[in-house]
A.B. asks: 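Pasting a structure here, questions to come.
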Amino acid sequence: MPELPEVDVVRAGLAPAVTGATVTAVTVFDERSLKRHAGPSEDFVARLSGATFDEPRRRGKFLWIPIREHQAETTDPEAPASEARASESPASEALVIHLGMSGQVLLRDPDAPLDRLTRIGIAINSPVFGRVRVDFVDQRIFGSMAIDDLVQTPDVPDESVPSQVGHIARDPLDPYFSDTAFFAKLARRNTGIKRALLDQTLISGIGNIYADEALWASRIHYDQPTSTLSRPRAKTLLAEVRLVLGKALAEGGTSFDAQYLNVNGESGYFSHSLNAYGQQGQPCPRCGRPIVREQFMNRGSHFCAYCQKVRRAASAS
DNA sequence: CCGGACTCCTGGTTGC
DNA sequence: TGCAACCAGGAGTCCG
């Protein structure tokens, strides 16, 4: 399941191909992949056709490509075409991409056969790559594409995000992420730490895999109450989160397959380096006792029952 | 505010 | 061999 590193590999892989590219054709093969688009597929196609893309952006697991300008007929017949043509006007809309559980974005030769699970195909004319196809492939259809309005963020000038991303917190690799604000929110919360790590409105980009990995590295039990985490332990956890995300990012970047122009949402896993996730029954790399798997939050939690125990708050009796 | 249940969804795997 | 049941969970919603 793509988390921040995988999504960022996709962003980085898309950037050289789509930046400055113009959309020449859009095909929606499965409307269910437009579940985050507020409108019918015809509207999606109309708003995307003729669009010119800006550099792709990311927050947490959300990815979007700002639309620099639009050369298709405006949907509002009253609007004078010349007014919307101001060359330096900031993008007001974006193509929003969420990979969900199984989404992939593939850059393909225009004549390449369609993957069986392609849900949306976008043909573009790229200044660098020429004519290519941007295929959205998604087996389980938890992912989606959408055209959404960009809205100014409240805390950083000249920064905007799609309206549907507005509630998503900054991710720990975002330069404007506030560590102290994060610690303060953790202390105020009355919930378990893994729940908090997976709460995209508190800290974004972390999914089940990297939550388990960061908790293992920090020797923290998934259900440790956030309010009982000491500041040093919370700092350690955040540092381990950044470490595990950064490491995956580095490995994902290197596994990028340039020959296929294949921007693959699942290519970034550093499966060789997993210490806890999916390692049930395997010895804990630290103490040798078996990693266990428990059902938690409707998903698997992998941890070392010896290294990672719920600790009482220091003030408790 | 919190947590649990439920929804979306299907290909690959497992089990009979 | 064949088919059904099961499994993976990101994110949103609803309810108690």
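Since we're looking at a predicted model, the values are computed, not measured. These numbers come from the heavy atoms of this one structure, side chains and all, not from hydrogens, waters or symmetry mates. Below, chain A is the first sequence line, B the second, and so on; all start at residue 1.
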A.B. asks: Measure from CD on A:Glu3 to P on C:dA8 and round the result to the nearest Å.
C.D. replies: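 Rounded to whole Å, this separation is 15 Å.
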A.B. asks: Round to a whole Å and report the spacing from CD of A:Gln295 to P of C:dG9.
C.D. replies: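 Distance check: A:Gln295 CD to C:dG9 P gives 8 Å.
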A.B. asks: Restricting to nitrogen or oxygen on both sides, can you table the protein-nucleotides 12-16 of chain C pairs closer than 3.5 Å?
C.D. replies:
unit_1, atom_1, unit_2, atom_2, d
C:dG12, OP1, A:His167, NE2, 3.2
C:dG12, OP2, A:His167, NE2, 3.4

A.B. asks: To the nearest angstrom, how far is A:Lys61 atom NZ from C:dG10 atom C1'?
C.D. replies: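 So the NZ-C1' distance, A:Lys61 to C:dG10, works out to 6 Å.
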A.B. asks: Kindly give the cluster partners of A:Tyr176, where membership spreads through any ILVMFWY side chain lying under 4.5 Å from a current member.
C.D. replies: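 Same cluster as A:Tyr176: A:Val156.
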A.B. asks: Do A:Lys61 and A:Glu3 sit within salt-bridge range, that is, some charged N less than 4.0 Å from a carboxylate O?
C.D. replies: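 Salt bridge flag = no for A:Glu3 with A:Lys61.
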A.B. asks: Under 3.5 Å between N/O atoms: give me all the protein pairs with nucleotides 4-7 of chain B, atom names plus distance.
C.D. replies:
unit_1, atom_1, unit_2, atom_2, d
B:dG4, OP2, A:Arg195, NH2, 2.5

A.B. asks: Tabulate atom names and distances for all N/O pairs under 3.5 angstrom spanning the protein and nucleotides 11-13 of chain B.
C.D. replies:
unit_1, atom_1, unit_2, atom_2, d
B:dG11, O4', A:Gln139, OE1, 3.0
B:dG11, O4', A:Gln139, NE2, 3.4

A.B. asks: Please list, chain by chain and in numerical order, all residues satisfying side chain to side chain contact (heavy atoms under 4.5 Å, CB included) with A:Ala305, sequence neighbours excluded.
C.D. replies: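 Scan of A:Ala305 (side chain to side chain contact (heavy atoms under 4.5 Å, CB included), adjacent residues dropped) gives A:Val292, A:Phe303.
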A.B. asks: Just how far, in rounded Å, is C1' of B:dC9 from CG of A:Leu99?
C.D. replies: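 Atom-to-atom, A:Leu99 to B:dC9, this comes out as 16 Å.
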A.B. asks: With a 4.0 Å limit, can you tell me whether A:Lys35 has a side-chain N or O closer than that to the phosphate oxygens OP1/OP2 of B:dC8?
C.D. replies: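 A:Lys35 to B:dC8 OP1/OP2: no side-chain N or O under 4.0 Å.
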A.B. asks: A:Ser163: what forms a side-chain hydrogen bond (donor to acceptor under 3.5 Å, both in side chains) with it, not counting sequence neighbours?
C.D. replies: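 Here the qualifying residues are A:Asp148.
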A.B. asks: Identify whether the distance between the nearest side-chain nitrogen and carboxylate oxygen of A:Asp199 and A:Arg189 falls below 4.0 Å.
C.D. replies: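 A salt bridge is present here (some side-chain N lies under 4.0 Å from a carboxylate O).
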A.B. asks: CG of A:Leu198 versus P of C:dG9: gap in Å, rounded?
C.D. replies: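 Computing the A:Leu198:CG to C:dG9:P distance gives 11 Å.
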